[in-house]
Amino acid sequence: MSRIVYNPTPRLLIATTNRDKIGEIAQELSGIPYAIVTLDAWPHLSPPAETARTFNENARDKARYYAAATGELTVAEDSGLEIERLDGAPGVESARFGGPAASYADKFALIYEALRAKGAADTTARFVCALALVNGRQLLFQTAAIVEGRIASGPRGSGGFGYDPIFFYPPFQRTLAELSPQEKASISHRGQAFRALRRFLEAGPTSRLNA
Ligand code: ITT
């Protein structure tokens with residue numbers, strides 16, 4: 001006698017409170033054999049404090065926190081902008097740089113002021129994205145990716161989000177905010193990191209974990 005096994009599509013929680021990140025990640029993961037869920041399904045869950053000093057640790061901590069709170073197979077990422085002449089600032093503080101009330105215009109003004117104070121009109125910079133995939137307490141996959149560029153002479157463009165208007169990407173001779181979403185995804189820190197996650201998921205080992 002054969003048994004009928006109901007094998008539902010496994011779920012994957014994209015654990016971020018940042019809507020702009022969700023848009024870019026969903027685009028990168030479209031078509032994977034997982035049902036994507038977001039934190040909208042847990043409206044009362046507060047975000048964890050991000051206390052670690054590295055993107056990798058913060059990504060792991062966030063993924064572990066949300067996996068424990070929801071019971072879902074969870075991916076979280078930690079990302080930010082490192083400016084060479086500012087010794088890597090704002091780095092892991094990118095989202096909080098300038099304080100809770102600071103707009104991105106305020107953050108840009110602080111950055112240009114700090115660069116002027118150092119006599120550093122031109123500087124290299126990089127965006128970093130570290131991601132971690134966790135099931136229960138188990139870290140299944142971790143990767144990090146960067147995109148190298150320069151701080152633009154002034155903010156330009158209206159696409160993207162966050163620091164994109166001040167990040168000049170030399171191969172395209174434009175800021176990330178002047179790129180189409182597809183162009184940004186093709187070279188960005190997040191695009192590269194999530195394409196690596198897609199390859200890992202499509203290789204299959206996790207597809208049975210929460211089925
Ligand atoms: P979650 O922790 O909930 O994911 P968050 O926005 O607080 O949301 P992070 O702590 O990782 O996330 O901070 C990332 C910040 O780095 C983000 O808020 C932007 O200020 C900046 N950032 C990261 N990726 C960026 C991108 O592609 N373009 C522009 N700015 C980016």
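Sequential numbering from 1 along the given sequence is applied to the chain's residues. Both ligands and their constituent atoms are indexed starting at 1 by order of listing.
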* Asked: Using 4.0 Å as the upper bound for N to carboxylate O, is an ion pair formed by Arg190 and Glu28?
  -> no
* Asked: Salt bridge between Arg64 and Glu57, side-chain N to carboxylate O under 4.0 Å?
  -> no
* Can you tell me how far the CZ atom of Phe194 sits from the OG1 atom of Thr143, to the nearest 0.5 Å? -> 10.5 Å
* To do: Could you tell me whether Lys107 sits above the aromatic face of Tyr104, with NZ or CZ closer than 6.0 angstrom to the six-membered ring centre and within 45 degrees of the axis?
  => yes
* Nearest to atom 31 (C) of ligand 1, what protein heavy atom do you find, and at what distance? -> Phe127 CE2, 3.6 Å
* Where ligand 1 meets Thr17 - atom numbers and elements under 4.0 angstrom, heavy-atom basis -> 1 (P), 3 (O), 8 (O)
* Under a heavy-atom criterion of less than 4.0 Å, does Lys107 contact ligand 1? -> no
* What residue and heavy atom of the protein are closest to atom 23 (C) of ligand 1, and at what distance? -> Ser79 OG, 3.2 Å
* Heavy-atom contacts with His189 under 4.0 Å: which atoms of ligand 1 show up? List them by number with element. => 24 (N), 25 (C), 26 (C), 27 (O)
* Any N/O pair Tyr66/ligand 1 closer than 3.5 Å -> no
* Is the closest heavy-atom distance from Asp164 to ligand 1 below 4.0 Å? -> yes
* To do: May I ask you to identify the nearest protein heavy atom to atom 10 (O) of ligand 1, giving residue, atom name and distance to one decimal place in Å?
  => Glu50 OE1, 2.9 Å
* **Distance from atom 24 (N) of ligand 1 to nearest protein heavy atom, with residue and atom** => Arg190 NH2, 2.8 Å
* Do Glu202 and Arg198 meet the salt-bridge criterion of a basic N to acidic O distance under 4.0 Å? -> yes
* Asked: Where is the nearest protein heavy atom to atom 5 (P) of ligand 1: which residue, which atom, and how far?
  -> Lys21 NZ, 3.9 Å
* What atoms in ligand 1 come closer than 4.0 Å to a heavy atom of Gly162? -> 29 (C), 30 (N)
* Under 4.0 Å between a Lys/Arg side-chain N and an Asp/Glu carboxylate O for Glu24 and Lys21? -> no
* Does ligand 1 have any atom that is closer than 4.0 Å to a heavy atom of Pro47? -> no
* Asked: Mind checking who shares a hydrophobic cluster with Phe161, ILVMFWY linked at side-chain heavy-atom distances under 4.5 Å?
  -> none
* Structure fact -> Here the atoms of ligand 1 under 4.0 Å from any heavy atom belonging to Lys62 are 1 (P), 2 (O), 4 (O), 9 (P), 10 (O), 11 (O), 12 (O)
* Is Glu183 salt-bridged to Arg174, cutoff N-O under 4.0 Å? -> yes
* Tell me, which protein residue and heavy-atom name are nearest atom 7 (O) of ligand 1, and how many Å apart are they? -> Ala95 CB, 3.7 Å
* Close N or O approach (Asp78, ligand 1; < 3.5 Å) -> yes
* Ligand-residue contact atoms, ligand 1 with Thr16, heavy atoms, under 4.0 Å -> 1 (P), 3 (O), 4 (O), 8 (O)
* Report, in ascending order of atom number, the atoms of ligand 1 lying under 4.0 Å from any heavy atom of Lys184. => 26 (C), 27 (O), 28 (N)
* **Protein heavy-atom partner closest to atom 17 (C) of ligand 1 - residue, atom, separation in Å** => Tyr104 OH, 4.0 Å
* To do: Give the residue, atom name and distance (to 0.1 Å) of the protein heavy atom nearest atom 30 (N) of ligand 1.
  => Tyr163 N, 3.1 Å
